[in-house]
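Here the structure is a predicted model, which is why all the values come from computation and not from measurement.
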Amino acid sequence: MRVCVLTRVVNFCALCYHTIMIDDIFSSSISYIDTVLCDGETPANISAAAHILKQGGLVAFPTETVYGLGADALNADAAAKIYAAKGRPSDNPLIVHIADVEDVYKLATNVPEQATLLMEAFWPGPLTMILPKRELVPDGTTGGLKTVAIRMPSHPIALSLIRESGVFIAAPSANTSGRPSPTTAEHVYEDMQGRIEMILDGGAVGIGIESTIVDLTGSIPTILRPGFITKAMLENIVGEVAIDKALIEPDPNLRPKAPGMKYTHYAPKGKLSIVETSDVVASINSLISDYTGKGYRVAVLASAEHADEYQCDNILTLGQANKGETIAAHLYGALRECDARSIDYIFSESFYQTDLGGAIMNRLLKAAGQRVIRDE
């Protein structure tokens, strides 16, 4: 079987879609991993990727949120490869992706009625549920926890890969740990070249930030990570929903119950600060003048309304301030563009004023290491 059936040059990094034999990927004579970039919409490539997963290998693939780095969730050795490829702390649990609702009951026990209601409302889609795990789910996949995070994605390539492989796919975002999550195959290749066997290219993702995670192991559903599915949307289905206190007051001693709760995430190489002063434009322009005067490269993450007001050579416009979906879709790409431009200091507006403001600012604050500039 051949991995890729197309040969074409893409417009980044002079990468080629090329042909390689499956046997070559797993040959003991190869001391490195030749990462193959493939068209994810080609059935033969889905089959090849499925074979890699069944053999315990790693495949990056698109979901509707961000690109995921997948391995067989029930294979502890395969899950360990995810942690190694990403440089991810081993106590940071992985999300298990499924393609059929019935599979929840194979992975979890004591599934409450609330979970059924949420599955009916939001699956397939960007919602992850935390449930008590069954013994067949290895501790290596759950970060040593007795719970499992489960999601049914809506992206057709992701669903096809899960079904074709016949395995449940553990998949965090397909970036090295701490970096901005990938929203294109190019982003994945930047971080994962030489670390994984295959990348399925499905183009740019639609949402651009990770799934909402809700813990259903207690009496009240609790949001552990905000996302596209908002607190109000959840409450419309199951009533009262709480927000985990770690989202309000970050705790460095926390043992994470879900991805994104403890460690630095989404961070560019430059120092990012969020500006929340009474005159944001004037404050950012003052900072631009100060830091460029010292010889540093500076960038601004701006709303479309204010972009023209900044006196800076590197202005990255995320979208209109009240369009949360657009801002979310552009956020990680903008942070990675700052790295591509070798930016030293990044100053960002706040984006609380949208329905996705909580999720967007959760990512920005983590990327900034909680650095916020306010009026003295």
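Residues passing the side-chain hydrogen bond (donor to acceptor under 3.5 Å, both in side chains) test with Thr128, sequence neighbours excluded: Ser211. Evaluation of the side-chain hydrogen bond (donor to acceptor under 3.5 Å, both in side chains) rule for Arg371 yields no partner, not counting sequence neighbours. With sequence neighbours excluded, the residues forming a side-chain contact (heavy atoms from CB on, under 4.5 Å) with Gln114 are Pro112, Leu216, Pro221, Val238, listed by chain and number. Partners of Asp375 according to the side-chain hydrogen bond (donor to acceptor under 3.5 Å, both in side chains) rule, which considers only residues two or more places apart in sequence or in another chain, are Ser278. Taking the side-chain contact (heavy atoms from CB on, under 4.5 Å) definition, one finds that Glu120 meets it with Thr116, Leu117, sequence neighbours left out. Listed by chain and number, the residues in a side-chain contact (heavy atoms from CB on, under 4.5 Å) with Asp313 amount to none (sequence neighbours excluded). Taking the side-chain hydrogen bond (donor to acceptor under 3.5 Å, both in side chains) definition, one finds that Thr317 meets it with nothing, sequence neighbours left out. Taking Ser303 as the reference, Glu305, His306, Ala321, Glu349, Phe351 meet the side-chain contact (heavy atoms from CB on, under 4.5 Å) condition, with sequence neighbours excluded.
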Take Asp244 and Arg225, measure what side-chain contact (heavy atoms from CB on, under 4.5 Å) needs, and give me the verdict at the end.
CA-CA 8 Å; Asp244 192 275; Arg225 182 177 72 189; over 6 Å; no
Take Leu107 and Arg134 through the side-chain contact (heavy atoms from CB on, under 4.5 Å) test and state the conclusion after the steps.
CA-CA 5 Å; Leu107 297 166; Arg134 292 192 180 274; over 6 Å; no
Assess the residue pair Val59 and Ile199 against the criterion (side-chain contact (heavy atoms from CB on, under 4.5 Å)); give the C-alpha distance rounded to whole Å, side-chain angles, the decisive distance to 0.1 Å, and a yes or no.
CA-CA 6 Å; Val59 174; Ile199 302 167; over 6 Å; no
Step-by-step side-chain contact (heavy atoms from CB on, under 4.5 Å) determination, Ile169 to Asp72:
CA-CA 5 Å; Ile169 300 180; Asp72 181 352; over 6 Å; no
Apply salt bridge (Lys or Arg N to Asp or Glu O under 4.0 Å) to residues Arg336 and Glu186 and explain how you reach the verdict.
CA-CA 11 Å; Arg336 284 181 172 265; Glu186 175 187 4; over 6 Å; no
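Taking 4.5 Å as the limit, every side-chain heavy atom of Val167 sits out of range of all side-chain heavy atoms of His97. For the pair Leu58 and Ile82, the minimum side-chain heavy-atom distance is below 4.5 Å. Leu234 is listed as a side-chain neighbour of Leu127, based on a closest heavy-atom distance under 4.5 Å. Side chains of Val104 and Met119 form a contact here, defined as non-hydrogen atoms less than 4.5 Å apart. When side chains are defined from C-beta on, Pro172 counts as touching Arg88, because their heavy atoms get closer than 4.5 Å. Annotation: side chain of Trp123 is in contact with side chain of Ile98 (closest heavy-atom distance under 4.5 Å). For the pair Thr63/Val205, no side-chain contact is recorded, criterion being any heavy-atom separation below 4.5 Å from C-beta on. Side-chain contact between Asp77 and Lys81: absent, with no pair of heavy atoms (C-beta onward) separated by less than 4.5 Å.
Between the CE atom of Met198 and the NE2 atom of His51 there is a distance of 10.0 Å, given to the nearest 0.5 Å. Note that the CD atom of Glu235 and the CE atom of Met233 stand 12.0 Å from one another [nearest 0.5 Å]. Between atom CG of residue Leu301 and atom NE2 of residue His330 there is a gap of 12.5 Å, rounded to the nearest 0.5 Å. With values rounded to the nearest 0.5 angstrom, Met192 atom CE is found 5.5 Å from Lys86 atom NZ. Of the inter-residue distances, the one linking Leu318 atom CG with Thr326 atom OG1 reads 10.0 Å to the nearest 0.5 angstrom. Atoms OG1 and CD1, from Thr65 and Ile209 in turn, are 9.0 Å apart once rounded to the nearest 0.5 Å.
When atom types are taken as modelled, the side chain of Asn45 and the backbone of Cys38 share no donor-acceptor pair closer than 3.5 angstrom. Here the side chain of Tyr83 pairs a donor or acceptor atom with the backbone of Asn92 at under 3.5 angstrom. Side chain of Thr35 to main chain of Ile196: a donor-acceptor pair is present (N/O by atom type, distance under 3.5 Å, no hydrogens or angles). A distance-only check finds no donor-acceptor pair linking the side chain of Asp201 to the backbone of Gly40 [under 3.5 Å]. Under a 3.5 Å cut-off, the side chain of Ser289 and the backbone N or O of Ser286 do not form any donor-acceptor pair. No donor-acceptor pair closer than 3.5 Å links the side chain of Asp100 to the backbone N or O of Asp103. The closest donor-acceptor contact from the side chain of Thr212 to the backbone of Gly227 lies under 3.5 Å. Listed for the Asn285 side chain is a donor-acceptor partner under 3.5 Å among the backbone atoms of Gln311. At distances below 3.5 Å, not a single donor-acceptor pair connects side-chain atoms of Ser350 with backbone N or O atoms of Tyr352.
Applying the salt bridge (charged side-chain N to carboxylate O under 4.0 Å, His left out) rule to pairs touching residues 41-64 yields Glu64-Arg151, sequence neighbours excluded. Screening residues 276-301 for salt bridge (charged side-chain N to carboxylate O under 4.0 Å, His left out) gives Glu276-Arg374, Asp290-Lys294 as the qualifying pairs, with residues at least two apart or on separate chains. Applying the salt bridge (charged side-chain N to carboxylate O under 4.0 Å, His left out) rule to pairs touching residues 338-348 yields Arg179-Asp339, Glu337-Arg341, sequence neighbours excluded.
Enclosure of atom NZ in Lys231 by more than 12 non-hydrogen atoms of other residues, nucleotides or ligands within 6.0 angstrom is indicated. Counting heavy-atom neighbours within 6.0 Å of Glu164 CD, excluding the residue itself, gives a total above 12. Crowding of Gln353 atom CD: a count of heavy atoms from other residues, nucleotides or ligands under 6.0 Å exceeding 12.
For the side-chain contact (heavy atoms from CB on, under 4.5 Å) with Val214, the qualifying choice from Leu118, Ile229, Leu224 is Leu118, the only one to do so.
Residues Ile346 and Pro268 share a closest heavy-atom pair of CD1-CG, 3.6 Å. For the residue pair Ala367 and Leu272, the shortest heavy atom distance occurs at CB-CD2, 3.7 Å. Taking each heavy atom of Ser177 and Gly87 in turn, the nearest pair found is CB-O, 3.3 Å.
A ring-centre distance under 6.0 Å is found for Tyr332 and Tyr266.
In this structure, Val281 belongs to a hydrophobic cluster whose other members, linked by side-chain heavy atoms under 4.5 Å apart, are Val275, Val280, Ile284, Leu287, Ile288, Tyr291, Tyr296, Val298, Val300, Tyr310, Ile315, Tyr345, Phe347, Ile373.
For the residue pair Ser181 and Glu210, a side-chain donor N or O sits within less than 3.5 Å of a side-chain acceptor on the partner.
The cluster map of Ile, Leu, Val, Met, Phe, Trp and Tyr, joined by side-chain heavy atoms under 4.5 Å apart, puts Ile223 and Ile220 in different clusters.
The pair Lys133-Asp139 meets the salt-bridge criterion, since a charged nitrogen lies less than 4.0 angstrom from a carboxylate oxygen.
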